[in-house]
Amino acid sequence: MNKHLLLVDGNSVAFRAFFALHSQLNRFVNHDGLHTNAIYAFNTMLDVVLDQFKPTHALVAFDAGKTTFRTEKFADYKGQRDKTPTELSEQLPHLRELLVGYGIKSYELKNYEADDIIGTMARQAEAAGFKVDIVTGDRDLTQLATDQVTVNVTVKGVNTLEAYTPAHVFEKYELEPKQIIDMKGLAGDTSDNYPGVTKVGEKTAIKLLKQFGSVEGIYDNLDSLKASKMKEHLQADREQAFLSKSLATINTNAPVALTLDALVCQGKDETKLLDFYDAMDFQSFKSKLSIVNSAVQAQQAALKYDVLTADNVAAIAAQLTSPVTFYLEMLADNYHTAESNGFVIGHQGTWYVATDTALLQTPALKQLLADSAIEKYVFDVKRTYVGLQRLGVSLAGTTFDLLLASYLVDTNDNSNDLGKLALLHGYQNVATDEAVYGKGASKGLPEDITVFEKHLAAKAQAISDLQPVLMKKLQDNDQLALFTEMELPLALVLADMEIAGVKIDIDKLNELKGQFQQRLDTIIQKIYAEAGKEFNINSSQQLGKILFEDMKLPVIKRTKTGYSTAVGVLEALKGIAPIASDILDYRGLSKLQSTYITGLLKVVHPEDQKIHTTYLQTLTQTGRLSSIEPNLQNIPVRDQDGRQIRQAFIPRSEDWAIFAADYSQIELRVLAHISGDQNLQAAFKEGLDIHASTAMRIFGLAQPEDVTPNMRREAKAVNFGIVYGISDYGLSQNLGISRAQAKTYIENYFREYPQVKAYTEAIVKTAREQGYVETLFHRRRYLPDIHAKNFNLRSFAERTAMNTPIQGSAADIIKVAMLHMQHALAAEKLQATMLLQVHDELIFEAPKTEIPILAQLVPEVMDAAVSLAVPMKVGTGSGATWYNVKD
DNA sequence: GTACTCACG
DNA sequence: ACGTACGTGAGTACA
């Protein structure tokens, strides 16, 4: 068998791996708070190269430390390098463990770099007749390429490799591999921090080497060069050139205490890898282990199910007893329009699968599902309820929802895919939908119907198996009431709101569309005239060029990729360039046109002229809802133009009206409650204008009349800032004041509201000690970054620790209000229907005759949702459209 | 798929 | 010294 040696530059590949998944740094944290992104990507790389090269021998070389024979020669070698981020260095020891699991030797050598180990072993292996593949992120190693040795350099992350054979090196540099060191000697290397020859870069170096072959060749023939700046530099930097070349040269005779025989691949030790993956929380690698797979396959093979038919369904339904697990499959995402493809019902170990959804119409089955005395275990009760409802089937008695429970236990465990979610809980026996149905355009039912049936049975089994696990966790977290009394029943309230939908005046939207378009056309022509040419105004790239290059306007702010053209920037330019103000107008109108006019028209249901949004109940980190397809929680209100969109939101019929109620300052009231601050509480108890009251305190005013509108505005920003987890910089940006000024405001605020200050300090401490923060109703958010060494990550976690209990408790409160509201409407036998929730407000439609009743009832219910140390305040209004909602 | 921008609380 | 306000969704451009 041909011997084949794989040599990996451990540090360099780990470095690449770390930055390949750098944007995911927060998502790759194990249960001990260890970052794992580099380990994960390194593992992926290992799988790729082992599969590609199928080596018989392998070695991963690491750097031993900072000091090497190179730093002895040149003290500043690699001197300018930033310190390795701690999030990466903490991962390096675990890479060795991973390699042990893979049966691959790792090695480091004092005073030498990984390069030298690799160079030495490559030469030895070559001499012994091996084929050698080197994997590294560092192009310098291409100097080692020969006919037997290929240097594979990572490109874009770590999974794509560029293979440098001598021929490829020549293609790239027009040099022999051994001349790479001469090139480095001449051009230097900024990342390794050695100089080379002044003003000589890669291009010049290559030109010289093509003529003279090597650094030595150049200096031997220096006299033959005609006089030039370059010649002067070469003469002056002679010593540097030779030093740089020697630094770039990989030592292929390092005293490596390894024999080739010691590098034989031992094969994976799956038991070790299993432990390692458990420690790292790597579910996907774990699931690829054959010991895991065979266990999973055995369990899946043991999974028994029967197929429901028209003949057996009634008898089977009749004998099912509480609790039953039920799952309705709809492949399409949007359950308001999705077709139902099949379902499964049963209990532990006995599953009945149907791919014919008409069987749901069987009276015995319908009755069972609608019977609240028979407990149901499901995954995503809202989706199931709506799907069934569209088939004329009622669902009641749900006592467990895997999706909801998982979200409450940890807001990060919130995949909508049952298979993925189960995996997050270490449960492996159910495939992901993507694996079974595919994705994108090719998504569909498997050709083999039994694959589909098995998948449904496996889902039911997973729900049933995980039910006790999740219930235990909820109980341990003191979250049973939150689950059973709040989120589960709320799902049905939300489902009813989604199903009810909100009626849209299509003619109104079209009328607005025409008006906006006319104004847009005028502005577009004006902008083209001002710019001196036509361009795509929607492209921030093109716009940046026009403003800052063609028109030479001052650059206020940059983004990662170029010039920022955000509102703040354009506002600042308004005074010197009228085009800025036209672009702002254009942006405003074009946003309305695309997102709100055409966007909403696209999602109006053709049959009922209504919009049925979908609320995501398990998405946000704070407990708020989110709204999609379309988002009805961000319909314009602040600007007059945008606000008109609300004229298109109308009640279901002529003699009905829209009614809305909102909590006033709910977050500040929550803050007053949980901080226990006497001064803040007093302000609310006395019914003061809270922003004016804060203004009096931070500006030291004696009389309410002394508060100017500007003082109130600034105090309002301070109040908001406190809720967001304040910083002087953030406040100064928001108010356009100096950082010092902002700092004074904050100090004054904390002096006046000392218990708020104490709260912000205490909650951060709590987060550090227990790793999470909680809302009034025990909703929990984990904050692993609270311990981060990185200042930014840690600061962010600290602000989140302050904000989440406030925002989250406010979310809890309105959820309770919604539950009570639904009951009250039924108890009062009102036709009024709750339609929308926008974080601190509820929107209803009702017969005009019921509006006075609602004006009384809704604030009462919202007030009574929770009893805080301060009173609640609820504002209401009604009108013919959402736009017209006024007191 | 990511970046940018902007709508809401 | 570090570089920010908290929580969302959608449209467009561009690679």
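Residue numbering restarts at 1 for every chain, and letters A, B, ... go by the order of the sequence lines.
- The CD atom of A/Glu798 sits 16 Å away from the P atom of C/dG3 (whole-angstrom rounding).
- Taking the side chain of A/Tyr724 as heavy atoms from C-beta on, and the options C/dC6, C/dA10, C/dG7, the nearest nucleotide is C/dC6.
- The distance between atom CZ of A/Phe649 and atom C1' of B/dA7, rounded to the nearest whole Å, is 12 Å.
- Between A/Glu434 and A/Lys443, no side-chain nitrogen of the basic residue sits less than 4.0 Å from a carboxylate oxygen of the acidic one, so the salt-bridge criterion is not met.
- Closest approach of A/Tyr759 and A/Ala801 over heavy atoms only: OH-O, 4.2 Å.
- A/Asn631 comes within 4.0 angstrom of the backbone, heavy atoms only, and of no base.
- The nucleotide whose nearest atom lies closest to any side-chain atom of A/Asp840 is, among C/dA15, B/dG9, B/dC4, B/dG9.
- A/Arg781 and A/Asp410 are not joined by a salt bridge, as no carboxylate oxygen comes within less than 4.0 angstrom of a charged side-chain nitrogen.
- Comparing A/Leu625 and A/Gly730 against DNA chain C, the residue whose closest nucleotide sits nearer the 5' end is A/Gly730.
- Applying the 4.0 Å criterion to OP1 and OP2 of C/dT4, one finds that A/Arg799 has every side-chain N and O outside that range.
- A/Arg643 comes within contact range of no nucleotide atom at all, as no heavy-atom separation falls under 4.0 Å.
- Of the candidates C/dG3, B/dC6, C/dG7, B/dC6 carries the atom nearest the A/Ala566 side chain, counting heavy atoms from C-beta on.
- A/Ala717 comes within contact range of at least one nucleobase, with a heavy-atom separation under 4.0 Å.
- A/Lys743 places its NZ atom 16 Å from the C1' atom of C/dT4, with the value rounded to the nearest Å.
- For A/Ser795, no side-chain nitrogen or oxygen approaches OP1 or OP2 of C/dT4 to under 4.0 Å.
- Look at the P atom in both B/dC8 and C/dG3: the space between them is 31 Å, to the nearest Å.
- OP1 or OP2 of C/dC2 has not a single side-chain nitrogen or oxygen of A/Arg794 nearer than 4.0 Å.
- Residues A/His839 and A/Phe791 each lie close to DNA chain C; by heavy-atom proximity, the contact nearer the 5' end of the strand is made by A/Phe791.
- The CG atom of A/Asn803 sits 16 Å away from the P atom of B/dG9 (whole-angstrom rounding).
- Across C/dT4 and B/dT5, the matching P atoms stand 14 Å from one another, rounded to whole Å.
- B/dA7 and C/dC2 are spaced 32 Å apart, taking the P atom of each and rounding to whole Å.
- At the heavy-atom level, A/Gly725 lies nowhere under 4.0 Å from the strands shown.
- A salt bridge is absent between A/Glu747 and A/Arg751: the closest approach of a Lys/Arg side-chain nitrogen to an acidic carboxylate oxygen does not fall below 4.0 angstrom.
- Taking every side-chain heavy atom of A/Asp728 into account, C/dT4 is the closest of B/dG9, C/dT4, B/dC6.
- Rounding to whole angstrom units, CD1 of residue A/Ile537 and C1' of C/dT12 are separated by 13 Å.
- Across all strands, A/Glu629 comes closer than 4.0 Å only to sugar-phosphate atoms, never to a base (heavy-atom distances).
- Counting non-hydrogen atoms under 4.0 angstrom, A/Ser590 reaches nothing in the nucleic acid.
- If you measure from atom CG of A/Leu600 to atom C1' of B/dA7, you get 11 Å, rounded to the nearest angstrom.
- Side-chain contact, A/Tyr745 with A/Glu714: a donor N or O sits under 3.5 Å from an acceptor N or O.
- C/dT4 has its base stacked against the ring of A/Tyr729, the centroids being under 5.5 angstrom apart at an interplanar angle below 30°.
- Among the heavy atoms of the strands, none lies under 4.0 Å from A/Asn790.
- A/Ile814 places its CD1 atom 14 Å from the C1' atom of C/dG7, with the value rounded to the nearest Å.
- As judged by a 4.0 angstrom heavy-atom cut-off over every strand, A/Gln733 is placed among residues making no nucleic acid contact.
- If you check the side chains of A/Asn884 and A/Thr881, you find a donor sitting under 3.5 Å from an acceptor.
- Residues A/Arg794 and A/Asp785 are not paired through a salt bridge, judged by the lack of any N-O separation under 4.0 Å between the basic side chain and the carboxylate.
- Judged by the 6.0 Å and 45° rule, A/Arg697 forms a cation-pi pair with A/Tyr753.
- Looking at the side chain of A/Ser539, the nearest of the listed nucleotides C/dA13, C/dG7, C/dG9 is C/dA13.
- Distance from the side chain of A/Thr622 is smallest for C/dG7 among the nucleotides B/dC6, C/dG7, B/dG9.
- As judged by a 4.0 angstrom heavy-atom cut-off over every strand, A/Ile635 is placed among residues touching the sugar-phosphate backbone only.
- Of the candidates C/dG3, B/dT5, C/dA13, B/dT5 carries the atom nearest the A/Thr565 side chain, counting heavy atoms from C-beta on.
- Residue-level contact check: A/Ile726 touches the bases, meaning some heavy atom is under 4.0 Å from a base atom.
- Nearest to the side chain of A/Val838, among B/dG9, C/dA5, C/dC14, sits B/dG9.
- In this structure, the nucleotide among C/dA10, B/dC6, C/dT12 sitting nearest to the side chain of A/Asn538 is C/dT12.
- Salt bridge present: A/Arg712 and A/Asp689 bring a charged side-chain N and a carboxylate O closer than 4.0 Å.
- As judged by a 4.0 angstrom heavy-atom cut-off over every strand, A/Thr804 is placed among residues making no nucleic acid contact.
- If you check distances only, the side chain of A/Gln633 never reaches the base of B/dC8 with a donor-acceptor pair under 3.5 Å.
- The nucleotide C/dG11 finds its pairing partner in B/dC4, both defining distances of the Watson-Crick or G-U wobble pair being shorter than 3.5 Å.
- Between A/Arg638 and B/dG9 there is a side-chain polar atom (N or O) within less than 4.0 angstrom of OP1 or OP2.
- Straight-line distance from the CG atom of A/Leu584 to the C1' atom of B/dC4: 15 Å, rounded to whole Å.
- When both distances must be under 3.5 Å, the Watson-Crick or G-U wobble mate of C/dA1 does not exist.
- Contact annotation: A/Gln542 reaches the phosphate of C/dC14 (side-chain N/O to OP1 or OP2, under 4.0 Å).
- Within 4.0 Å (heavy atoms only), A/Ser727 reaches at least one base atom of the nucleic acid.
- Considering only the side chain of A/Leu616, C/dG9 comes nearest among C/dC14, C/dG9, C/dA10.
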